[in-house]
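In what follows, a structure is listed as structure tokens, so that the remarks can point back to it.
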There are 2 protein chains.
Amino acid sequence: MARPKAFDQDTVLVKAMHVFWARGYAGTSLDDLVAAMGINRQSIYNTFGDKHSLFMRCLKMYWQYELDRVYEGIKGDKAEDRLRSMMHEISHLATSSGEMGCMLLNSLGELAPQDQAVVDFYLKIDHESIQSMSNRISAGQENGEFESHFNPSAAAKFLIALSIGIRTLGKVMPGNQDFSEIADFAIDVLKKR
Amino acid sequence: MARPKAFDQDTVLVKAMHVFWARGYAGTSLDDLVAAMGINRQSIYNTFGDKHSLFMRCLKMYWQYELDRVYEGIKGDKAEDRLRSMMHEISHLATSSGEMGCMLLNSLGELAPQDQAVVDFYLKIDHESIQSMSNRISAGQENGEFESHFNPSAAAKFLIALSIGIRTLGKVMPGNQDFSEIADFAIDVLKKR
DNA sequence: ACTGTTTTTGAGCAGTTGATCCATTACTTT
DNA sequence: AAAGTAATGGATCAACTGCTCAAAAACAGT
């Protein structure tokens with residue numbers, strides 16, 4: 001066999017991810033990556049292909065982290081509680097991510113629509129989110145927690161659009177604490193009265 | 001006196017704006033600008049200073065256009081009608097801007113937080129928007145159109161976050177028609193019942 | 001027509017970009 | 001220990017970046 005790699009792929013990927021997250025795609029040079037990842041230029045190309053491939057792997061890794069945190073924040077049994085804790089977790093991410101914001105939204109802002117891979121990646125996530133949220137919303141409607149006069153899918157899109165707005169605001173207003181207030185506002189709206 | 005400029009500043013600024021809007025800041029090279037604006041490199045530097053100064057002028061010009069369109073879309077006398085037509089206009093912009101999205105949000109995604117000028121520009125707009133919207137909302141509360149139990153400023157932030165989400169979604173899902181549905185959803189929520 | 005001032009022009013600067021070449025090193029298996 | 005294989009390091013590529021220089025051209029006032 002041959003000489004084994006002297007580094008752990010995930011370890012250096014995390015480092016690359018943070019650089020892309022903080023500085024964007026074009027704003028991150030290969031010199032930056034070499035410095036941050038601590039491995040040689042050629043090793044990057046051998047292992048991850050070109051800059052764009054590396055970026056996509058970082059973006060996907062980022063999203064997995066983000067998704068894990070949102071899901072692990074979900075508490076309770078009622079549809080309302082689960083949706084509320086989900087929106088709270090997103091608000092918390094908006095506050096705690098600070099100036100770096102959401103890497104996925106940053107990437108859309110910078111690279112969409114030219115970069116089809118990024119757009120497609122978002123569209124897949126968007127579809128899954130609508131699916132998952134509207135399921136939860138119709139469950140809440142069926143057991144009488146939520147008003148039943150609105151379309152679950154429309155309500156899901158509403159919550160997603162709001163989440164995107166919250167994440168975006170978190171980036172330009174780091175440390176802002178208003179977001180959970182907005183989240184509560186949006187969930188209260190769905191409730192039956 | 002001296003030789004006069006052979007071009008109209010606003011005319012070439014509009015052209016530059018469209019390039020920045022479509023390709024982003026880093027994605028637009030000076031060669032691109034020279035080609036699009038139809039004037040010489042040196043004329044750009046003489047007239048507008050460096051690339052970043054030119055960009056900021058384009059960004060401000062963009063926002064003036066956008067603001068004009070939102071305001072001219074406002075119809076009716078009641079607070080509800082005015083807010084609703086405002087949100088509808090934003091939804092319409094999201095649909096009609098196509099893949100280019102909102103230049104201001106694109107710029108935030110690409111350049112915040114490194115570019116303080118862009119961040120500051122947004123923060124000023126954000127402050128003014130909250131001010132203007134929460135005024136309208138409290139007017140609606142006072143004359144009984146809206147529920148009075150919520151904080152006008154919180155509701156304003158809610159609508160702004162939603163608008164940001166809608167504009168972002170418009171970029172990645174060009175031609176989507178769901179946005180006015182989301183807008184109506186948000187306004188209905190404020191109404192007294 | 002001349003002068004003074006400014007714009008315009010095209011060439012070209014130094015620095016950076018993503019990517020590649022190739023000799024060297026280091027590991028695994030036999 | 002030898003052979004085979006793949007990672008590594010450093011130098012370097014051509015292309016492109018934002019920007020500047022100096023000469024030429026074009027206008028306004030006299």
Side-chain angles (χ1 to χ4, degrees), chain A residues 1-60 103 106-107 110-111 114-118, chain B residues 1-60 103 106-107 110-111 114-118:
Chain A
M1 281 298 176
R3 176 178 179 179
K5 286 185 194 298
F7 57 89
D8 178 61
Q9 285 209 17
D10 279 348
T11 306
V12 297
L13 263 182
V14 170
K15 291 176 179 171
M17 180 191 84
H18 275 93
V19 185
F20 277 129
W21 187 2
R23 322 240 281 244
Y25 180 73
T28 302
S29 74
L30 269 154
D31 284 341
D32 294 334
L33 291 168
V34 169
M37 297 168 82
I39 63 177
N40 188 270
R41 215 181 188 73
Q42 189 68 29
S43 299
I44 298 178
Y45 281 93
N46 287 342
T47 314
F48 304 105
D50 63 7
K51 185 188 180 186
H52 189 264
S53 305
L54 173 61
F55 176 76
M56 289 307 295
R57 288 202 49 180
C58 291
L59 185 56
K60 283 165 184 169
M103 183 181 170
N106 294 350
S107 305
E110 178 183 359
L111 302 172
Q114 286 88 352
D115 191 325
Q116 196 60 44
V118 174
Chain B
M1 283 298 176
R3 178 176 178 179
K5 286 186 195 297
F7 58 88
D8 178 61
Q9 286 209 15
D10 279 348
T11 307
V12 297
L13 263 182
V14 169
K15 290 177 179 171
M17 178 191 85
H18 276 93
V19 185
F20 278 129
W21 188 2
R23 322 240 278 246
Y25 181 72
T28 302
S29 74
L30 269 152
D31 284 342
D32 294 334
L33 290 168
V34 168
M37 297 168 81
I39 64 176
N40 188 271
R41 218 182 188 69
Q42 189 68 24
S43 299
I44 298 179
Y45 280 91
N46 287 342
T47 314
F48 304 104
D50 64 7
K51 186 189 180 187
H52 190 264
S53 305
L54 174 61
F55 176 75
M56 288 307 295
R57 288 202 48 180
C58 291
L59 185 57
K60 282 165 185 171
M103 184 181 169
N106 295 351
S107 305
E110 179 184 357
L111 302 173
Q114 287 88 354
D115 192 325
Q116 196 59 44
V118 174

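The sequence lines fix the lettering, A, B, ..., with proteins before strands; numbering per chain opens at 1.
Rounded to the nearest 0.5 Å, atoms NZ (A/K51) and CZ (A/F20) are 6.0 Å apart. Distance check: B/F7 CZ to B/I39 CD1 gives 4.0 Å after rounding to the nearest 0.5 Å.
One interatomic measurement links the two molecules: CD1 of A/I39 to C1' of D/dG10, which rounds to 16 Å at whole-angstrom precision. Put simply, CG on B/D50 is 8 Å from P on D/dT20, counting in whole angstrom units. Distance, B/I44 CD1 to C/dT9 C1': 13 Å, rounded to whole Å. With rounding to whole Å, A/R41 atom CZ is found 15 Å from D/dT8 atom P. A/L30 places its CG atom 12 Å from the C1' atom of C/dT20, with the value rounded to the nearest Å. One can place CG of A/D31 at 12 Å from C1' of C/dA19, the figure rounded to the nearest angstrom. What separates CG of A/N40 from P of C/dA23 is a distance of 17 Å, to the nearest Å. To the nearest angstrom, C1' of C/dT5 lies 13 Å from CG of B/N46.
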Worked verdict on B/S53 versus B/D50 for side-chain hydrogen bond (donor to acceptor under 3.5 Å, both in side chains): CA-CA 5 Å; B/S53 305; B/D50 64 7; 2.9 Å; yes
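Across all their heavy atoms, A/H52 and A/A117 have their closest contact at CE1-CB, 3.9 Å.
Considering only side-chain N and O atoms, B/S43 lies nowhere under 4.0 angstrom from the phosphate OP1 or OP2 of C/dT7. The side chain of A/S29 contributes no N or O atom lying less than 4.0 Å from OP1 or OP2 of C/dT16.
Between A/Q42 and A/Y25, the residue anchored nearer the 5' end of DNA chain C, judged by the nucleotide with its closest heavy atom, is A/Y25.
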